[in-house]
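So the structure is just underneath, and the comments pick up after that.
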Amino acid sequence: MNIELQLASDISNAFQLLFGLSLEASAIQLQPTRKEFEGNLTFIVFPYVKQTHKKPEELGELIGNYLINHTSYVSKYQVIKGFLNLTLQTKSWIQIFSEGIDFKFAKRSEKVMVEYSSPNTNKPLHLGHLRNNFLGWSISQILKEVGYEVMMVNLVNDRGIHICKSMLAYQKFGNGEKPSSTLKGDHLVGKYYVMFDKWYKEQVKEIAAKHRQENPSLSEEQAEELAEKEAPAILQAQEMLRKWEEGDPEIVALWKQMNSWVYEGFEATYRKIGVHFDKIYYESDTYLLGKDLVQEGLEKGIFYRKSDGSVWVDLTAEGLDHKLLLRSDGTSVYITQDLGTADMRYQDFPMNKLIYVVGNEQEYHFKVLKLILQKLGRPYAEGLYHLSYGMVELPEGKMKSREGTVVDADDLIEEMIETARERTLALGKIEGFTEEELQKLYHVLAMGALKYYLLRVEPSKKMLFNPKESIDFQGNTGVYIQYTYAKIASILRKAKAENISLSFTELQDFSDIEPIEQQLISAIVRYKQKVEEAAQEYAPSIIANHAYETAKTYNTFYNTFSILGESHPLKKQFRVILSYYVAEVLKRSFRLLGIEMPERM
RNA sequence: GGCUUCAUAGCUCAACUGGAUAGAGCAACUGCCUUCUAAGCAGUAGGUUUCUGGUUCGAGUCCAGAUGAAGUCACCA
């Protein structure tokens with residue numbers, strides 16, 4: 001039995017015997033004692049002073065005394081104000097340790113689908129997409145780890161007016177340009193998307209000026225608004241979309257060609273960042289879905305039809321608005337296809353939870369989507385969850401693809417690899433590495449730094465990225481934790497050569513354990529609970545932070561005590577085992593974040 | 001304007017869900033490599049947790065208001 005549970009149950013008994021109060025053991029909260037006080041676990045007595053009619057200090061004394069006399073594992077207590085600090089018997093630490101290293105979770109019967117990435121095929125991935133991809137991948141690994149069956153899917157936005165914009169610009173200015181070794185397919189298409197925007201804006205400016213000349217009473221905004229609708233560029237793009245929907249062979253061929261370039265480019269980026277999907281959905285296949293759900297809603301009286309033929313749902317009772325589901329011309333809108341897609345997915349994979357990793361700008365949309373699916377009585381509706389994450393902003397504000405103010409994912413990755421290379425070579429610890437191993441190391445370190453940087457922040461929070469300050473390799477970083485791991489790996493190799501056993505059997509009665517070693521045991525034992533918490537909160541940051549704290553504590557230990565140089569054989573063995581499990585926790589944590597560990601660096 | 005979210009050291013982030021003297025990293029300054037990898041360790045300095053009230057044994061955390069920032073409120077996606 002877990003020592004905290006045991007203690008909670010004994011405290012509950014104390015209340016029963018001393019005061020005749022019955023308290024659920026589960027209601028008793030314990031917390032790690034703060035470093036500046038003596039003790040391992042703290043019980044706060046304030047909440048119970050009223051019921052027991054005792055002063056806080058007195059109550060702490062009574063319970064502390066009870067625990068000393070009635071349990072075998074509490075060796076000491078100290079009361080400070082309303083805080084009862086308990087010190088555990090040193091010999092129970094080995095027991096706590098050996099019982100706390102079961103890192104396996106029981107299988108769960110529930111299925112979870114995670115949608116993430118979901119790129120548009122008119123531009124390459126940028127830093128914001130990286131946050132999305134890392135989060136999606138990580139949360140999928142975490143949910144798998146705690147026992148769910150997980151299916152990772154991607155929904156590619158491969159159609160629509162924005163795609164036609166790059167197609168049109170390519171048709172006009174492309175001169176048959178093809179992707180090359182210096183220009184990946186997704187970057188090529190993105191180039192023409194930016195080109196369209198420039199072209200379009202010039203036209204708008206020109207037309208707006210003409211409008212103001214002809215009609216000086218127009219404001220600048222009004223003139224631009226008019227011009228935006230009249231510019232040939234946008235009219236031609238709309239025309240192209242119409243042709244695409246009709247299946248015009250020439251347009252469809254161009255669309256296929258350009259999308260295939262983009263997919264090759266995306267595939268290369270996905271490979272570099274180490275994410276993949278169990279299934280990829282394309283909006284060109286799903287954008288017509290959902291109309292039957294609208295019909296179903298009408299029949300059930302959940303939706304209503306206006307006189308112009310458009311279909312709506314009234315969500316005012318839920319504090320939201322009226323929401324359009326079908327245009328008056330019978331065509332669907334964004335949410336319509338999301339309804340249909342969700343239903344189709346349930347056919348593919350009858351999930352209990354459906355997680356959308358999508359930016360926080362779409363919170364309203366997903367609130368509406370969930371409500372509608374609930375109204376339609378879909379079995380998976382309750383489990384729909386929008387894993388909403390904050391934008392990655394630049395010092396100047398939001399990134400905008402059209403204006404080219406984005407941090408490109410491929411560029412950033414290259415920069416990170418280059419930094420990793422420079423730093424590694426500067427430190428000169430690469431004796432015995434093959435060229436291939438070096439390349440691998442640079443990649444592992446670069447991705448570790450980048451992923452940790454983006455994942456250590458709580459998902460819901462927006463974050464700031466300053467391109468002028470490169471991502472750190474020192475301090476609270478992925479590299480710091482990888483380095484800690486590599487140092488332990490080195491020790492373990494040597495320990496293996498010395499035939500030091502990793503078994504606890506010799507250590508049964510070992511109790512000569514330093515406070516910092518107790519802290520490490522606590523960190524190891526807490527790992528599983530942190531993973532559970534991360535799964536519940538959909539927050540990889542919880543695991544990242546715990547890994548950092550564990551590594552930090554280990555480094556203090558590493559610099560204070562000798563491990564392989566320890567003369568006492570049991571002590572030495574204990575420290576090797578301790579190191580082994582710290583490494584295990586770090587490696588498992590990082591695997592859940594999608595980060596690899598180097599055995600040497 | 002309505003709704004939602006956010007505001008913590010110069011900067012980037014934590015704070016075990018209401019607990020003790022609010023912690024880390026970066027940047028600055030001091031030390032520590034003939035000892036298991038110094039991408040490390042130890043230390044100094046840095047705070048009215050935006051502001052004003054309230055709730056209670058106790059508030060960065062809960063409530064109300066103010067100020068500031070972001071998002072959203074389309075027959076766009």
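Proteins get letters first, then strands, A, B, ... in listed order; numbering begins at 1 in each. We use all heavy atoms of the structure for the numbers below, so side chains are in, but hydrogens, waters and symmetry mates are not. Predicted, not measured: the structure shown is a model, and the values here were computed from it.
Counted by atom type alone, Asn132(A) and Tyr389(A) present one or more donor-acceptor pairs between their side chains at under 3.5 Å.
Residue-level contact check: Phe465(A) touches neither bases nor backbone, having no heavy atom under 4.0 Å from any strand. No engagement by Gln482(A) is indicated, since no non-hydrogen atom pair under 4.0 Å with the nucleic acid exists. Asn85(A) comes within 4.0 angstrom of a nucleotide base, judged by non-hydrogen atoms across all strands. Within the 4.0 angstrom heavy-atom criterion, only backbone atoms of the sugar-phosphate kind lie near Asn157(A); the bases stay farther away.
A74(B) atom P lies 13 Å from atom CG of Leu325(A), rounded to whole Å. The distance from atom CD of Glu361(A) to atom P of C76(B) is 18 Å, rounded to the nearest whole Å. Asp472(A) places its CG atom 10 Å from the C1' atom of A27(B), with the value rounded to the nearest Å. At whole-Å resolution of the value, CD in Gln238(A) and P in C76(B) are 10 Å apart. Rounded to an integer number of Å, the gap from Phe366(A) CZ to A77(B) C1' is 11 Å. Taking atom CG of residue Asn120(A) and atom C1' of nucleotide C76(B), one finds them 12 Å apart after rounding to whole Å. Rounded to whole angstrom, the span from the CD atom of Glu396(A) across to the P atom of A70(B) amounts to 14 Å. Atoms NZ (Lys398(A)) and P (A69(B)) sit 17 Å apart, rounded to a whole Å.
For the C1' atom pair drawn from G18(B) and C62(B), the interatomic distance equals 8 Å after rounding to whole Å. U37(B) and U21(B): their C1' atoms are spaced 37 Å apart (whole Å). On the P atoms, G40(B) is 23 Å away from A45(B), given to the nearest whole Å. A22(B) and G60(B) are spaced 7 Å apart, taking the C1' atom of each and rounding to whole Å. Across the P atoms, C6(B) and C13(B) are found 15 Å apart, a figure rounded to whole Å. A24(B) and C63(B) have their C1' atoms separated by 31 Å, given to the nearest Å. A59(B) and U8(B): their C1' atoms are spaced 14 Å apart (whole Å). If you take atom P in U67(B) and the same atom in A28(B), they sit 40 Å apart, rounded to whole Å.
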Are there any protein N/O atoms within less than 3.5 Å of an N/O atom in nucleotides 12-18 of chain B, and if so, which ones and at what distance?
| unit_1 | atom_1 | unit_2 | atom_2 | d |
| --- | --- | --- | --- | --- |
| C13(B) | OP1 | Leu464(A) | N | 3.0 |
| C13(B) | O2' | Arg456(A) | NH2 | 3.2 |
| A14(B) | OP1 | Glu458(A) | N | 2.9 |
| A14(B) | OP2 | Lys461(A) | NZ | 3.3 |
| U17(B) | O4 | Glu537(A) | OE1 | 3.0 |
| U17(B) | O4 | Glu537(A) | OE2 | 2.9 |

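Judged by distance alone, the side chain of Arg159(A) and the main-chain N or O of Ser284(A) form no donor-acceptor pair under 3.5 Å.
For the pair Phe366(A) and Leu384(A), the tightest heavy-atom approach, listed with the atom from each and the gap, is O-CD2, 4.5 Å. Across every non-hydrogen atom of Ala551(A) and Ile481(A), the tightest pair is CB-CG1, 4.1 Å.
Shown here are the salt bridge (charged side-chain N to carboxylate O under 4.0 Å, His left out) partners of Glu58(A), two or more places apart in sequence or in another chain: Lys54(A). Here Glu225(A) pairs with nothing under the salt bridge (charged side-chain N to carboxylate O under 4.0 Å, His left out) rule; sequence neighbours left out. Glu418(A) meets the salt bridge (charged side-chain N to carboxylate O under 4.0 Å, His left out) test with Arg421(A); sequence neighbours excluded. Evaluation of the ring pair (Phe, Tyr, Trp, His ring centres under 6.0 Å) rule for Tyr334(A) yields His365(A) as partners, not counting sequence neighbours. Taking the salt bridge (charged side-chain N to carboxylate O under 4.0 Å, His left out) definition, one finds that Lys323(A) meets it with nothing, sequence neighbours left out.
Of the side-chain N and O atoms in Arg327(A), one or more sit less than 4.0 angstrom from OP1 or OP2 of C76(B).
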In 5'-to-3' order, the base (B), backbone-only (S) or no-contact (-) status of each nucleotide in nucleotides 54-59 of chain B, using a 4.0 angstrom heavy-atom cut-off, is ---B--
Once base and sugar-phosphate atoms are separated, protein heavy atoms under 4.0 Å mark nucleotides 36-43 of chain B, 5' to 3', with B, S and - as BBSBSSS-
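Side chains of Glu537(A) and Ile542(A) form a contact here, defined as non-hydrogen atoms less than 4.5 Å apart. Residues Phe43(A) and Leu7(A) have side chains not in contact (no heavy-atom distance under 4.5 Å, counting atoms from C-beta outward). You'll find the side chain of Thr550(A) stays beyond 4.5 Å of the side chain of Tyr527(A), heavy atoms only.
For Trp255(A) and Tyr282(A), the ring centers sit 6.0 Å or farther from each other.
An anti base is found at C6(B): its glycosidic angle is more than 90° from 0. Base orientation for U17(B): syn, the chi torsion being within 90° of 0.
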Dot-bracket assigned to RNA chain B with the 3.5 Å Watson-Crick/G-U criterion, [ ] for crossing and | for other-strand pairs, is (((((((..((((.....[...)))).(((((.......))))).....(((((..]....))))))))))))....
request  = Kindly indicate, with the supporting measurements, whether the criterion salt bridge (charged side-chain N to carboxylate O under 4.0 Å, His left out) is fulfilled by Glu517(A) and Lys571(A).
outcome  = CA-CA 11 Å; Glu517(A) 293 169 331; Lys571(A) 223 181 214 182; over 6 Å; no
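Against RNA chain B, the stretch residues 313-324 of chain A makes heavy-atom approaches under 4.0 Å through Asp321(A), Leu324(A).
For the ring-ring contact (aromatic ring centres under 6.0 Å, His included) condition, the pairs that include at least one residue of residues 479-499 of chain A, sequence neighbours left out, are Tyr480(A)-Tyr548(A).
The neighbour count for Lys201(A) NZ, taken as heavy atoms of other residues, nucleotides or ligands under 6.0 Å away, is above 12.
Residue order along RNA chain B, read from the 5' end via each residue's closest nucleotide, puts Phe37(A) first among Phe37(A) and Ile161(A).
By the 30° and 60° cut-offs, the orientation of the rings of Phe46(A) relative to Phe83(A) is perpendicular.
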Tell me which donor-acceptor pairs under 3.5 Å the side chains of residues 446-460 of chain A have, and how far apart each pair is, sequence neighbours excluded?
| unit_1 | atom_1 | unit_2 | atom_2 | d |
| --- | --- | --- | --- | --- |
| Lys451(A) | NZ | Ile273(A) | O | 2.7 |
| Lys451(A) | NZ | Gly594(A) | O | 2.7 |
| Tyr452(A) | OH | Asn476(A) | OD1 | 2.6 |
| Tyr453(A) | OH | Leu464(A) | O | 3.2 |

